[in-house]
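To keep things clear, I will list the structure first and then write my remarks on it.
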2 protein chains.
Amino acid sequence: MKTSPNKSIERLSMYRRLLRESENEGTENVYSHDLADAAGCTAAQVRRDLMLVGCSGNPKTGYQVKGLINCICNLLDTPEGDSVALVGFGNLGKALLPFFAKHHKKLVITATFDSNPKKIGEISNGCECYSMESLKKVISEKNIKIAILTVPAEVAQEVAEQLIEANIQGILNFVPIPLQLKNNIIVENMHVEIALEKVAYLTRAANTITD
Amino acid sequence: MKTSPNKSIERLSMYRRLLRESENEGTENVYSHDLADAAGCTAAQVRRDLMLVGCSGNPKTGYQVKGLINCICNLLDTPEGDSVALVGFGNLGKALLPFFAKHHKKLVITATFDSNPKKIGEISNGCECYSMESLKKVISEKNIKIAILTVPAEVAQEVAEQLIEANIQGILNFVPIPLQLKNNIIVENMHVEIALEKVAYLTRAANTITD
DNA sequence: AGTATATTGTGATTTTTTTCACAGAAAGAA
DNA sequence: TTCTTTCTGTGAAAAAAATCACAATATACT
Ligand SMILES: NC(=O)c1ccc[n+]([C@@H]2O[C@H](COP(=O)([O-])OP(=O)(O)OC[C@H]3O[C@@H](n4cnc5c(N)ncnc54)[C@H](O)[C@@H]3O)[C@@H](O)[C@H]2O)c1
Ligand SMILES: NC(=O)c1ccc[n+]([C@@H]2O[C@H](COP(=O)([O-])OP(=O)(O)OC[C@H]3O[C@@H](n4cnc5c(N)ncnc54)[C@H](O)[C@@H]3O)[C@@H](O)[C@H]2O)c1
């Protein structure tokens with residue numbers, strides 16, 4: 001077995017969301033070009049991505065929605081689901097918590113952490129806010145492997161190291177700095193500012209440049 | 001002139017942030033490998049990216065921090081800066097507003113919009129919340145070209161179309177659906193859930209797969 | 001002045017990702 | 001049954017991005 005290309009994973013996650021919508025609407029089959037239109041990519045790309053999950057379609061009826069969802073779930077999910085920690089229970093953290101609580105069955109935030117004594121003990125969305133002192137203990141008890149990092153930039157590197165120390169193996173990083181970690185740790189950056197700057201640049205470029 | 005590769009733009013934005021930190025610490029020169037270490041990429045890539053901005057270094061002293069920042073600003077910024085609209089002033093929007101207010105000089109959120117009458121007229125971070133009815137008027141008056149979209153998924157497509165109608169040319173989309181828009185509109189997606197699913201997948205893959 | 005050294009700038013190469021294009025297959029029509 | 005259509009699955013080609021590798025060069029040292 002081989003690890004699937006990054007981009008394909010992202011698209012598969014998107015396909016799954018779209019397929020679930022189709023399923024709710026009662027659609028039983030889809031063609032690669034239907035998915036492509038919905039996801040904003042090409043049909044060839046959809047088929048290539050779907051090859052990865054080992055689910056095949058039928059030249060006349062396309063792919064079975066249910067079957068496809070299952071195949072993608074097999075790749076993306078574990079049957080038991082994964083626990084996630086949210087570290088830094090500030091403005092952003094407080095927006096993210098209910099958002100994930102609403103959407104996800106298989107990826108559930110089961111603990112939040114903060115250094116501010118006022119926040120510790122607070123319970124929201126069925127999830128307690130713990131002190132940073134109890135990080136290692138709680139993460140081990142709840143068997144958490146993944147963390148969402150939303151602490152101030154000044155402490156992000158240090159907190160990330162604490163997380164690794166506590167056996168966290170993957171981080172979704174909202175802090176606008178590149179974390180310096182051993183490269184067996186998975187880090188996925190959500191750099192909001194960079195994304196906005198990119199939009200601004202591309203928008204301007206689209207106007208100025210006659211390509 | 002040619003539009004620069006997407007990935008380079010992202011990295012350049014990151015370099016600029018890092019360079020500004022260096023500048024604040026009094027550093028005057030950097031080598032490509034310094035920046036590479038800080039940004040988590042390779043020195044060759046840094047040099048390639050910097051070629052794009054047309055700023056050259058010196059084989060013995062490296063690049064001048066100040067000069068480099070200027071060159072990157074020339075590419076990424078307009079001298080006057082850009083106004084940005086935030087559409088959907090809910091949980092996420094309320095977290096994003098102060099975040100951008102704090103950080104950005106050149107990209108400033110100057111108006112927020114919401115359909116909820118209770119939110120309209122609310123002022124925070126020097127920025128008023130307007131009704132959707134006044135969208136076109138306010139966006140035109142303030143000469144806004146870029147919007148951040150944080151409305152519920154159900155209405156996102158429709159709201160996006162209103163934005164285009166109001167002459168918005170670029171959208172930073174936080175809504176987890178792929179917007180279907182004419183492709184002269186720049187759309188940059190921030191799909192938080194997808195990113196978390198990717199972290200979960202890669203974390204698991206790193207453990208299971210002996211590559 | 002000449003030499004040693006470390007870095008830049010950039011062609012060439014490799015790797016990764018996307019697109020093309022078409023053989024093979026399933027279903028319905030005649 | 002056979003023909004037609006429209007799709008899938010995938011090898012091959014193209015495009016995009018990253019890496020390699022090295023000549024050119026600026027500085028410090030002798
Ligand atoms: N607010 C946004 O919309 C937004 C968007 C993108 C990125 N970010 C980034 O996310 C991070 C958080 O942003 P925010 O707006 O929520 O800030 P915030 O100040 O509201 O929240 C930060 C939280 O981290 C806690 N904290 C501080 N030091 C800590 C430590 N050592 N260990 C654990 N917790 C600690 C604070 O008590 C606070 O609750 C920042 O790095 C910011 O740049 C924020
Ligand atoms: N909360 C998060 O952390 C988070 C993270 C990632 C993505 N998102 C996405 O961002 C979007 C907003 O999330 P949220 O948590 O802020 O939700 P929210 O319900 O708190 O905010 C949505 C806001 O949009 C407004 N709105 C509704 N219909 C509108 C319309 N037609 N025109 C203009 N405004 C309208 C609502 O009044 C509300 O203020 C959602 O699509 C969500 O999936 C949220």
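Chain A is the first sequence line, chain B the second, and so forth, proteins listed ahead of strands; every chain is numbered from 1. Predicted, not measured: the structure shown is a model, and the values here were computed from it. Worth knowing before you read on, the calculation uses all heavy atoms, side chains too, and leaves out hydrogens, waters and symmetry mates.
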Query - Length of the line joining B:Asp34:CG and C:dT7:P, which is rounded to integer Å - result: 8 Å
Report summary line: Taken to the nearest whole Å, CG/A:Asn29 to P/C:dA26 is 15 Å
Requested in this report: Starting from P on C:dT15, measure out to CG on A:Asn6 and report it in whole angstrom.
Outcome: 18 Å
Query raised in the report: To the nearest Å, how far apart are A:Leu35 CG and D:dC7 C1'?
Result: 14 Å
Report task. Spell out, as yes or no, whether a donor-acceptor pair under 3.5 Å connects the side chain of A:Gln157 to the backbone of A:Gln180. Result -> yes
Query raised in the report: Among the nucleotides D:dT10, D:dT27, C:dT8, which one has an atom lying closest to any side-chain atom of B:Asn58?
Result: D:dT27
Report task. Give a yes or no on whether a donor-acceptor pair under 3.5 Å exists between the nucleobase atoms of C:dT5, that is its base, and the side chain of B:Lys60. Result -> yes
Report summary line: side chain to side chain contact (heavy atoms under 4.5 Å, CB included) with A:Ile171: of A:Val159, A:Val87, A:Leu181, A:Ile146, only one passes, and it is A:Leu181
Query - Nearest-Å distance for atom pair CD1/C1', residues B:Ile9 and D:dA16 - result: 15 Å
Query raised in the report: Checking B:Glu28 side chain against B:Gln64 main chain: does a donor-acceptor pair fall under 3.5 Å?
Result: no
Report task. State, with a plain yes or no, whether a side-chain heavy atom of A:Glu10 is found less than 4.5 Å away from one of B:His191. Result -> no
Query - the helix from C:dA1-D:dT30 to C:dA30-D:dT1: angle between end helix axes, five pairs per end, rounded to 10 degrees - result: 0°
Report task. Spell out, as yes or no, whether a donor-acceptor pair under 3.5 Å connects the side chain of A:Asp49 to the backbone of A:Leu12. Result -> no
Query raised in the report: To the nearest Å, how far apart are B:His33 NE2 and C:dT5 P?
Result: 17 Å
Query raised in the report: Think A:Arg11 has a side-chain N or O under 4.0 angstrom from the OP1 or OP2 of C:dT18?
Result: yes
**Report entry** Minimum-distance nucleotide (side-chain atoms of A:Ala44 versus C:dC20, C:dG9, D:dG9)
**Finding:** C:dC20
Report summary line: Note: for B:Val30 and A:Cys41 on DNA chain C, the residue whose nearest nucleotide lies more 5' is B:Val30
Query - Minimum-distance nucleotide (side-chain atoms of A:Tyr63 versus C:dT10, C:dA27, D:dT8) - result: D:dT8
For a quick test of your reading: what N or O donor-acceptor pairs under 3.5 Å do the side chains of residues 76-85 of chain A make, sequence neighbours left out?
| unit_1 | atom_1 | unit_2 | atom_2 | d |
| --- | --- | --- | --- | --- |
| A:Asp77 | OD1 | A:Arg16 | NH1 | 3.4 |
| A:Asp77 | OD2 | A:Arg16 | NH1 | 2.8 |
| A:Thr78 | OG1 | A:Gly81 | N | 3.1 |
| A:Thr78 | OG1 | A:Gly81 | O | 3.3 |
| A:Ser83 | OG | A:Thr110 | OG1 | 3.4 |

Query raised in the report: OP1, OP2 of D:dT8 versus side-chain N and O of A:Ser32: anything below 4.0 Å?
Result: yes
**Report entry** Distance-only donor-acceptor test, A:Lys7 side-chain atoms vs C:dT16 base atoms, 3.5 Å
**Finding:** no
Query - Out of D:dT19, C:dC22, C:dT7, whichever nucleotide has its closest atom nearest the side chain of B:Gln45 - result: D:dT19
Query - Closest listed nucleotide, where the reference is the side chain of B:Pro59 and the choices are C:dG9, D:dT10, C:dT7 - result: C:dT7
Query raised in the report: Atom CZ of A:Arg47 and atom P of C:dA23: how far apart are they, to the nearest Å?
Result: 15 Å
Requested in this report: Go through the N and O atoms of the side chain of B:Arg48 and the base of D:dT19, and report whether any donor-acceptor pair is under 3.5 Å.
Outcome: yes
Query raised in the report: Side-chain N or O of A:Ser56 less than 4.0 angstrom from OP1 or OP2 on D:dG9?
Result: yes
Requested in this report: Verify, without hydrogens or angle tests, whether A:Thr203 (side chain) and A:Val199 (backbone) share a donor-acceptor contact under 3.5 angstrom.
Outcome: yes
**Report entry** Exam field: side chain A:Thr112 to backbone A:Leu86, donor-acceptor pair closer than 3.5 Å
**Finding:** no
Query raised in the report: Which whole-number value in Å describes the distance from B:Tyr31 OH to C:dG9 P?
Result: 13 Å
